[in-house]
There are 2 protein chains.
Amino acid sequence: MEAAAQETRILDAAETLFYGRGLQAVGMAEIRDASGASLKRLYQLFPSKDHLVEAYLRRRDVRWRASLAGHVEDQPSGEDRILAVFEWLGSWFREPGFRGCAFVNSFGELGATSEPVAIAARDHVEALKDYLARLVSEAGHSAWLAQSLLLLVEGAITTAAVSDDSAAADHARETARKLLELDSASSSSSAPGRG
Amino acid sequence: MEAAAQETRILDAAETLFYGRGLQAVGMAEIRDASGASLKRLYQLFPSKDHLVEAYLRRRDVRWRASLAGHVEDQPSGEDRILAVFEWLGSWFREPGFRGCAFVNSFGELGATSEPVAIAARDHVEALKDYLARLVSEAGHSAWLAQSLLLLVEGAITTAAVSDDSAAADHARETARKLLELDSASSSSSAPGRG
DNA sequence: AGCGTAAGAGAACGGTGATTCTCACGCAAG
DNA sequence: CTTGCGTGAGAATCACCGTTCTCTTACGCT
């Protein structure tokens, strides 16, 4: 089998296992079994478990944000796009096996001992923040709002995971809606509609 | 040395190490060394590492909420008490060694494989939610607001930890202040927002 | 067909960690 | 004093895990 396809299968297996059970709870042998690759191939493609963990996080970051953006872009209006973030969150929370933010979980588990993991988590949050800032800006709202939305998103993910309560997404959305109204009232004509 | 004092020293050592580096990254031998107790004593007081982890989480929950409540109660007015939550958060974030929420971290690391850990984390969030609900109620605000505050608090903790940015507390406080104003305006008698 | 290379299966290695066991010792009761 | 229990220090045990090595097989190329 070609290397690229095996790399995909390995990363698929790693993602399912790492996300579902935690980084340290999953051994290389289990990833080998789940991916169908041999240990030798595994180590050829990823020279160590650390490399595999980082690759898992990097790929998940890209896919997670692409999925979010995909849903958001179904909405035409700027404010609806912002609210769509929370609807996407809600559908994610309701997926079986939802277990919170892979990056926050990984940060909590290994952030203190692994620079790459800590950096990957930070990059992910940073990228999310930038994305929210863009949505907020395109909707003609103040940049300040973006940080509030980030807090709501992160808070909803954490709360939904720990309390196993997908309604956190709905509540976050309603809170965001109020903030949006408030922001419209206070800075009515701050930015032109679209860039 | 009496058992109670040793138990305290063990839990102190466990808390520092578990919180600072993660549950699985810390071995019993290290806790033995840091606490000064013997391995035999350690296992007498906590029959397994799982027991010690749970005891660590339970004690930390009580202390964490007591510390929060202590700061909050310095404020006389209902709304100031709510805002004091975020000021307390800010001073926590600025402490050296701050590494996010012990419960969220533990949940991410072992929540999938350890019921006691998952339950301890959930209980902690639940207790925090109840506390916020009480503050909100005592300030004469709608119960709805409490859940929004919970999202802001959790979001601020996560963001501050991952992005190493203690300003998340300030932003969460300002967001909370706006929500408070909005809630005053919508629920009943109140002054206009202060702009 | 014959040779060289790469691959897979799985054993082996080196290290670590949770938990238990050994042993020598202090001390209290007889 | 002696006996026996509880203790601390640390070795021993048992299992697991990341990583590497071995051996055998399969295949490409000439």
Side-chain angles (χ1 to χ4, degrees), chain A residues 1-57 105-106 108-117 120, chain B residues 1-57 105-106 108-117 120:
Chain A
M1 184 185 295
E2 58 180 321
Q6 275 195 325
E7 187 170 314
T8 300
R9 290 169 60 119
I10 290 169
L11 284 173
D12 289 348
E15 179 161 2
T16 303
L17 292 167
F18 283 152
Y19 179 70
R21 304 228 312 277
L23 270 17
Q24 290 171 100
V26 174
M28 295 298 271
E30 206 168 349
I31 291 168
R32 171 202 57 190
D33 294 344
S35 68
S38 67
L39 268 187
K40 177 172 277 184
R41 187 58 123 193
L42 222 174
Y43 276 93
Q44 262 177 7
L45 296 169
F46 305 95
S48 74
K49 188 179 179 181
D50 287 347
H51 286 79
L52 180 56
V53 165
E54 191 175 353
Y56 146 63
L57 290 174
N105 291 351
S106 299
E109 183 173 353
L110 286 185
T113 47
S114 163
E115 273 288 292
V117 167
Chain B
M1 186 186 296
E2 58 181 321
Q6 275 194 325
E7 188 171 314
T8 300
R9 290 169 61 120
I10 290 169
L11 284 173
D12 288 348
E15 179 160 2
T16 303
L17 292 167
F18 283 153
Y19 178 71
R21 304 229 311 277
L23 270 16
Q24 290 171 102
V26 174
M28 296 297 271
E30 205 169 350
I31 290 169
R32 171 202 57 188
D33 294 343
S35 68
S38 69
L39 226 35
K40 178 171 276 185
R41 186 59 120 196
L42 223 174
Y43 276 92
Q44 263 177 6
L45 295 169
F46 304 95
S48 74
K49 188 179 179 182
D50 287 346
H51 286 80
L52 179 56
V53 165
E54 190 176 353
Y56 146 63
L57 289 173
N105 291 351
S106 299
E109 185 172 352
L110 285 185
T113 48
S114 162
E115 272 289 292
V117 167

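Since this is a predicted model, take the numbers as computed values, not measurements.
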Whole-Å distance separating the CZ atom of B/R32 from the C1' atom of C/dT16: 14 Å
Of residues 19-26 of chain A, the positions that come close to DNA chain D - non-hydrogen atoms, cut-off under 4.0 Å: A/V26
- request: Could you pull out all residues at least two apart from B/T16 that satisfy side chain to side chain contact (heavy atoms under 4.5 Å, CB included)?
  value: none
query: So, do A/F18 and A/L57 sit near enough that their side-chain heavy atoms are less than 4.5 Å apart?
result: no
task: Looking only at side-chain atoms of B/Y43, point me to the closest of C/dA18, D/dA11, D/dG18.
output: C/dA18
message: Please report the distance, rounded to the nearest Å, between NZ in B/K49 and P in D/dA15.
response: 19 Å
- prompt: Hey, does B/L42 have a side-chain heavy atom less than 4.5 Å from the side chain of B/L52?
  reply: yes
field: Test side chain to side chain contact (heavy atoms under 4.5 Å, CB included) applied to B/A29 - qualifying residues, sequence neighbours left out
entry: B/R32
field: Side-chain donor-acceptor pair present, A/R41, A/Q44, cut-off under 3.5 Å
entry: yes
Atom pairs, protein N/O to nucleotides 5-7 of chain C N/O, distance under 3.5 Å:
| residue | atom | partner | partner atom | Å |
| --- | --- | --- | --- | --- |
| C/dA7 | OP1 | A/R41 | NH1 | 2.8 |
| C/dA7 | OP2 | A/Q44 | NE2 | 3.0 |

query: Which residues pass the side-chain hydrogen bond (donor to acceptor under 3.5 Å, both in side chains) test with A/E54, sequence neighbours left out?
result: none
field: side chain to side chain contact (heavy atoms under 4.5 Å, CB included) partners for B/E7, two or more places apart
entry: B/L11, B/L45, B/F46
statement: Whichever of A/G36 and B/M28 has the more 5' nearest nucleotide on DNA chain C, that residue is A/G36
